[in-house]
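A quick note: this is a predicted structure, and the numbers were derived from the prediction, not measured.
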Amino acid sequence: MRLLVLGGTEFAGRAVVEAALGRGWEVTVLNRGRHAPVPGARTLVGDRTAPGGLDALKDGEWDAVVDTWSAAPRAVHEAARLLRGSARRYVYVSSCSVYTWAPPAGYAEDAPLVEGAEPDAEQTDYARDKRGGELAAVDAFGEADSVLVRAGLILGPYENVGRLPWWLARTARGGPVLAPGPRELPLQYVDVRDLAEWILGAAEQGLSGPFNLISPQGHATMGELLEACVRVTGGPAELRWTAPEIVLDAGIEPWTQLPVWVPPGSDLHDALHSADVSRAVATGLTCRPVGETVADTWRWLQEIGGEAPLRPDRPQKGLDPQVEAKVLAAGTA
């Protein structure tokens, strides 16, 4: 297989490149050259937001294209239209954020979608940008030759959003840790490497259409995730399980200040941890144990000096130590 990855040096794109090279595929990446390329991939330099930024792609031929773009849909549209004659399939890594907020528990790929998205739009907001990217891919390649990967929470090595890296750093620091309950709270996420393998399988199988791409609900719990963090970091951390009401009453923001966690029974939990993923599972999605994801992410962090590189366009994650200490001092339940 000949694969073109637009980007291919950070998080999801990098995982796709590594997985494809591991299969013996011929991999080409196009990016701005700001990050070290994955060894073994052919690198083309170009800025897709600049005039002529896609010129390096004009003479290539590929079996599939993988595009992880998250800003103006226009950039996806321009790339997809250029590549329509030289690639067989366009895989766009989208997001479950494209569903009208807030989707109910158990929502599948036919749930209502955000309105106001356009394939040639400039950057607006994340949900409409991702939906616009979907429309751009389908407009250029048609429904039969495009794959819309509606990813949810993505964790694993190379994470540049700061969720799992923050929890690992926090447990490595040790001491009492505010652990938002309940401990058995079911989570949905996908290891970036499992996401990558499914994408490659989709290209091989000639799949098309939208897919919710997250683990089955309850693949892990909040307790299993945080206990794995304590275990792999080896620090003297003590998880203090705290009732959701106490966390919320303290003004702590779910998902951002306490990454991954959202309170049970809320619209947030239904939207972020309760999707129907049967279509992805039926087409080959497999999910590794949470302990493996946590351990490999910790190993990667240690290899790069302990601090994850963070995307400047995403909100900072994590809880201020003084806020944490104040809530813990007030008592847990």
Chemist: Would you check if the side chain of T283 reaches a backbone N or O of R279 as a donor-acceptor pair within less than 3.5 Å?
Modeler: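 Side chain of T283 to backbone of R279: a pair is present.
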
Chemist: Got H77 and D139 here, is their nearest side-chain heavy-atom distance under 4.5 Å?
Modeler: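 Heavy-atom side-chain distance check passes, below 4.5 Å.
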
Chemist: Going from CG on L207 to CG on L148, what distance comes out if it is rounded to the nearest 0.5 angstrom?
Modeler: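 Answer for the CG-CG pair, L207 versus L148, is 12.0 Å.
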
Chemist: Taking it one step at a time, do E238 and R240 satisfy salt bridge (Lys or Arg N to Asp or Glu O under 4.0 Å)?
Modeler: CA-CA 6 Å; E238 178 192 352; R240 299 273 186 89; 2.9 Å; yes

Chemist: Could you tell me whether a side-chain N or O of N212 sits under 3.5 Å from a main-chain N or O of D276, the two making a donor and an acceptor?
Modeler: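 Yes, because the side chain of N212 sits within donor-acceptor range (under 3.5 Å) of the backbone of D276.
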
Chemist: Between R74 and E78, is the closest basic N to carboxylate O distance under 4.0 Å?
Modeler: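 Yes, this pair counts.
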
Chemist: Regarding S70 and D129, do their side chains bring together a donor and an acceptor under 3.5 Å, going by distance alone?
Modeler: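 The criterion, which ignores hydrogens and geometry beyond distance, is not satisfied for D129 and S70.
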
Chemist: Under 4.5 Å between side-chain heavy atoms, counting indirect links through other Ile/Leu/Val/Met/Phe/Trp/Tyr residues: same cluster for V91 and V190 or not?
Modeler: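 Yes, one cluster joins them.
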
Chemist: Taking the side chain as C-beta and beyond, is there a heavy-atom pair between L200 and R23 under 4.5 Å?
Modeler: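 Side-chain contact under 4.5 Å: yes.
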
Chemist: How about N31 and T9: does a side-chain donor come under 3.5 Å of a side-chain acceptor?
Modeler: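 Side-chain D/A pair, N31 to T9: absent.
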
Chemist: Roughly how far, to the nearest 0.5 Å, is CG of L54 from CG of L82?
Modeler: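 If we round to the nearest 0.5 Å, L82:CG and L54:CG are 5.5 Å apart.
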
Chemist: Output yes when a side-chain donor or acceptor of E122 lies under 3.5 Å from a complementary backbone atom of A72, and no otherwise.
Modeler: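 Absent.
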
Chemist: Determine, for F141 and R89, whether the Lys NZ or Arg CZ falls below 6.0 Å from the six-membered ring centre while staying within 45 degrees of the axis.
Modeler: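 That pair does not qualify as a cation-pi contact.
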
Chemist: Is there a side-chain contact between H269 and P186 (heavy atoms, below 4.5 Å)?
Modeler: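 In short, these two side chains touch, coming nearer than 4.5 Å.
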
Chemist: What is the distance from atom OH of Y90 to atom CD of E134, rounded to the nearest 0.5 Å?
Modeler: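 Here the rounded value is 12.5 Å.
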
Chemist: When you compare the side chain of P309 with that of I304, does any pair of heavy atoms fall below 4.5 Å?
Modeler: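 I304 vs P309: side chains touch.
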
Chemist: If the threshold is 4.0 Å, N to carboxylate O, is there a salt bridge linking E292 and R288?
Modeler: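 Result for this pair is yes, salt bridge flagged.
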
Chemist: Could you walk me through whether Y158 and E18 pass the side-chain hydrogen bond (donor to acceptor under 3.5 Å, both in side chains) check?
Modeler: CA-CA 12 Å; Y158 311 128; E18 289 187 348; 2.6 Å; yes

Chemist: Applying the side-chain contact (heavy atoms from CB on, under 4.5 Å) test to I199, which of L213, V149, D194 qualifies?
Modeler: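 Testing I199 for a side-chain contact (heavy atoms from CB on, under 4.5 Å) against L213, V149, D194 leaves exactly one candidate, V149.
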
Chemist: Is any NZ, NE, NH1 or NH2 atom of the basic residue among R81 and D120 found under 4.0 Å from an Asp or Glu carboxylate oxygen of the other?
Modeler: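 Yes, charged N to carboxylate O under 4.0 Å.
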
Chemist: Does V29 reach the side chain of L44, with side-chain heavy atoms less than 4.5 Å apart?
Modeler: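 No, their side chains stay 4.5 Å or more apart.
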
Chemist: With sequence neighbours excluded, tell me which residues meet side-chain contact (heavy atoms from CB on, under 4.5 Å) with A169.
Modeler: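 With neighbours one apart ignored, the set is empty.
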
Chemist: Check E115 with R128, please: is the shortest side-chain N to carboxylate O separation under 4.0 Å?
Modeler: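 No salt bridge links R128 with E115.
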
Chemist: A56 and V45: which non-hydrogen atoms are nearest, and at how many Å?
Modeler: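 Between these two residues, the closest heavy atoms are CB-O, 4.4 Å.
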
Chemist: Got a donor-acceptor contact below 3.5 angstrom from the E253 side chain to the L258 backbone?
Modeler: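 Pair absent, no side-chain N/O of E253 close to backbone of L258.
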
Chemist: Between K130 (side chain only) and A71 (backbone N and O only), is there a donor and an acceptor less than 3.5 Å apart?
Modeler: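 Not confirmed, K130 side chain does not pair with A71 backbone.
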
Chemist: Quick check: closest heavy atoms across T233 and C229, and the distance to 0.1 Å?
Modeler: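 What the structure gives for the nearest pair is OG1-O, 2.8 Å.
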
Chemist: With no hydrogens and no angle check, do the side chains of S86 and E61 hold a donor and an acceptor under 3.5 Å apart?
Modeler: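 No.
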
Chemist: How long is the span from the CG atom in L178 to the CG atom in L226, to the nearest 0.5 Å?
Modeler: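 Going from the CG atom of L178 to the CG atom of L226 covers 10.0 Å.
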
Chemist: Answer with yes or no whether the hydrophobic clustering places V17 together with W69; edges join I, L, V, M, F, W, Y residues whose side-chain heavy atoms lie under 4.5 Å apart.
Modeler: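 Shared cluster, no.
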
Chemist: Can you tell me how far apart OH (Y107) and CG (D270) are? Round to the nearest 0.5 Å.
Modeler: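 Here the interatomic distance stands at 9.5 Å.
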
Chemist: Give the intermediate values and the outcome of side-chain contact (heavy atoms from CB on, under 4.5 Å) for residues R2 and W25.
Modeler: CA-CA 6 Å; R2 297 163 299 171; W25 291 15; over 6 Å; no

Chemist: Spell out, as yes or no, whether a donor-acceptor pair under 3.5 Å connects the side chain of Q188 to the backbone of A275.
Modeler: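 Yes, the answer is positive, given that a donor and an acceptor are paired below the 3.5 Å cut-off.
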
Chemist: Within the structure provided, determine whether W255 and L272 are in side-chain contact (heavy-atom separation under 4.5 Å).
Modeler: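 A side-chain contact under 4.5 Å exists here.
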
Chemist: Once side chain to side chain donor-acceptor pair (under 3.5 Å) is applied, what residue pairs with a partner in residues 41-50 remain, sequence neighbours excluded?
Modeler: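 Listed once each, the pairs are D47-T49, R48-D67.
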
Chemist: If you measure from CH2 on W62 to OG1 on T28, what distance do you get to the nearest 0.5 Å?
Modeler: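 Separation between the atoms: 6.0 Å.
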
Chemist: Applying the 4.5 Å side-chain criterion to the ILVMFWY set and letting contacts propagate, would V260 and L268 be lumped into a single cluster?
Modeler: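 Yes, same cluster.
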
Chemist: Can you list the steps and then say if E159 with V192 is a side-chain contact (heavy atoms from CB on, under 4.5 Å)?
Modeler: CA-CA 8 Å; E159 188 197 327; V192 70; over 6 Å; no

Chemist: Go through it in stages, so that I can follow the logic: the residues are V66 and V93, the test is side-chain contact (heavy atoms from CB on, under 4.5 Å), and I'd like the CA-CA distance, side-chain angles, deciding distance and then a yes or no.
Modeler: CA-CA 7 Å; V66 175; V93 180; 4.2 Å; yes

Chemist: Just checking F211 against W198, ring centres under 6.0 Å apart?
Modeler: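 F211 vs W198: aromatic centres under 6.0 Å.
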
Chemist: Do the side chains of L113 and Y99 get nearer than 4.5 Å, heavy atoms only?
Modeler: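 A side-chain contact exists here, since the closest heavy-atom pair is under 4.5 Å.
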
Chemist: Are the side chains of P157 and R193 in touch, meaning some heavy atoms are under 4.5 Å apart?
Modeler: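 Side chain of P157 against side chain of R193, heavy atoms only: contact under 4.5 Å found.
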
Chemist: When you measure from the side chain of R173 to the backbone N and O of V177, does any donor-acceptor pair fall under 3.5 Å?
Modeler: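 Side chain of R173 to backbone of V177, a donor-acceptor pair under 3.5 Å: no, none is there.
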
